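Quantities reported herein were computed from a predicted structural model and do not represent experimental measurements.
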Amino acid sequence: AHKLYYWFDDATTRNLMDIDGTEINVSALANGHHTLHAMLADAKGNVMSTEEQTADFVIVCPDDEHVDANSDGVCDVCDELVSYTRTTTADRYGTICLPKGATAGNITGATFYSIACKRVNANNEPTSIVLEEVSNIEAGKPYIFLASGTELHVTYSGQAVAEAGSDNGLVGSFEYCDVAEGLYLISNNKLVKCGPGCSIVGNRAYID
């Protein structure tokens, strides 16, 4: 039966194992990026080919072990998104849509809301929206927030989602996007109807 020599990263020690479906234990490795190296051997452990096979993988940090020394929202060890920070103005409303969720204790600098309903005039045109406060935020779901200071900070938890979603007329986006005429944005604490050339930057939302 064939055997396999394997080692991780730049280790000089080679481990020999039978090729029988046995799993390779990585529990001793630190969080972060690693490379598995392997070479095929015969039943006596003689290397059959000098050709080396490699596979890159990442050991993701638990939420309480991420390191973000650069304060850029990305873990220095495993490159995972760990937090989001935005400069704000106190008592101003804004919109937000994030790829990961967060619990109430990990959100500072703002109160978050979802849209409960809208009020309209006699011509069925929106005049205001009614907000409902939320404690936790979900990945990919857009929200309206009211800033309490000069910085909004969210420490993520859970898995990221690939695409932004919508909720009761609030449509989120992780990237810059154009907003069609006739839709609405929140600007200067007011609902503003979009004209030509309207857009939002990433991690924002508009109102349909």
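Under the 4.5 Å side-chain criterion, counting only non-hydrogen atoms from C-beta, K100 is not in contact with E138. Looking at heavy atoms from C-beta onward, Y156 lies in side-chain contact with Y84 at the 4.5 angstrom threshold. Side-chain contact between I96 and R86: present, with at least one pair of heavy atoms (C-beta onward) separated by less than 4.5 Å. Inter-residue side-chain proximity for I24 and L36 is flagged as met; some heavy-atom pair is nearer than 4.5 Å. Within the 4.5 Å cutoff, no side-chain heavy atoms of Y143 are placed close to those of T95. Contact check for V154 versus F112: side-chain heavy atoms found under the 4.5 Å cut-off. Counting only heavy atoms from C-beta outward, the side chains of D56 and H33 never approach each other to under 4.5 Å. With a 4.5 Å cut-off on side-chain heavy atoms, L81 and P99 count as touching.
Heavy-atom minimum distance, S49 versus M39: O-CE, 3.3 Å. When all heavy atoms of A30 and I59 are compared, the pair lying nearest together is O-CD1, 3.8 Å.
The cluster map of Ile, Leu, Val, Met, Phe, Trp and Tyr, joined by side-chain heavy atoms under 4.5 Å apart, puts M48 and I19 in the same cluster. Neither V67 nor V74 shares a network with the other; the hydrophobic side chains, linked directly or stepwise wherever heavy atoms of I, L, V, M, F, W or Y lie under 4.5 Å apart, form separate groups for each.
Atom OG1 of residue T127 and atom NZ of residue K118 lie 10.0 Å apart, to the nearest 0.5 angstrom. Going from atom CG of L170 over to atom OG of S114 covers 9.0 Å, rounded to the nearest 0.5 Å.
For the pairing with H37, the side chain to side chain donor-acceptor pair (under 3.5 Å) check across Q53, R14, E52 returns one residue only, E52. Here the options are T88, T108, I107, the test is side chain to side chain contact (heavy atoms under 4.5 Å, CB included), and the partner is H153; only T108 passes. Each of T111, I129, V134 was evaluated against I144; a single residue qualifies, I129, per the side chain to side chain contact (heavy atoms under 4.5 Å, CB included) test.
Checked by atom type and distance alone, the side chain of D68 pairs as donor or acceptor with a backbone atom of D72 at under 3.5 Å. Remark: the backbone N or O of V171 is not paired with any side-chain donor or acceptor of S166 at under 3.5 angstrom. Between the side chain of N203 and the backbone N or O of C97, at least one donor-acceptor pair lies under 3.5 Å.
Ring to ring, F8 and H34 are not that close: their centroids are 6.0 angstrom or more apart.
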Below 3.5 Å, can you tabulate the donor-acceptor pairs from side chains in residues 182-190 to any protein atom, sequence neighbours excluded?
unit_1 : atom_1 : unit_2 : atom_2 : d
N188   : OD1    : R92    : NH1    : 3.3
N189   : OD1    : Y93    : N      : 2.7
N189   : ND2    : D91    : O      : 3.1

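Residues passing the side-chain hydrogen bond (donor to acceptor under 3.5 Å, both in side chains) test with N168: none are found, sequence neighbours excluded.
With hydrogens and angles left out, the side-chain atoms of N106 and T103 include a donor and acceptor closer than 3.5 Å.
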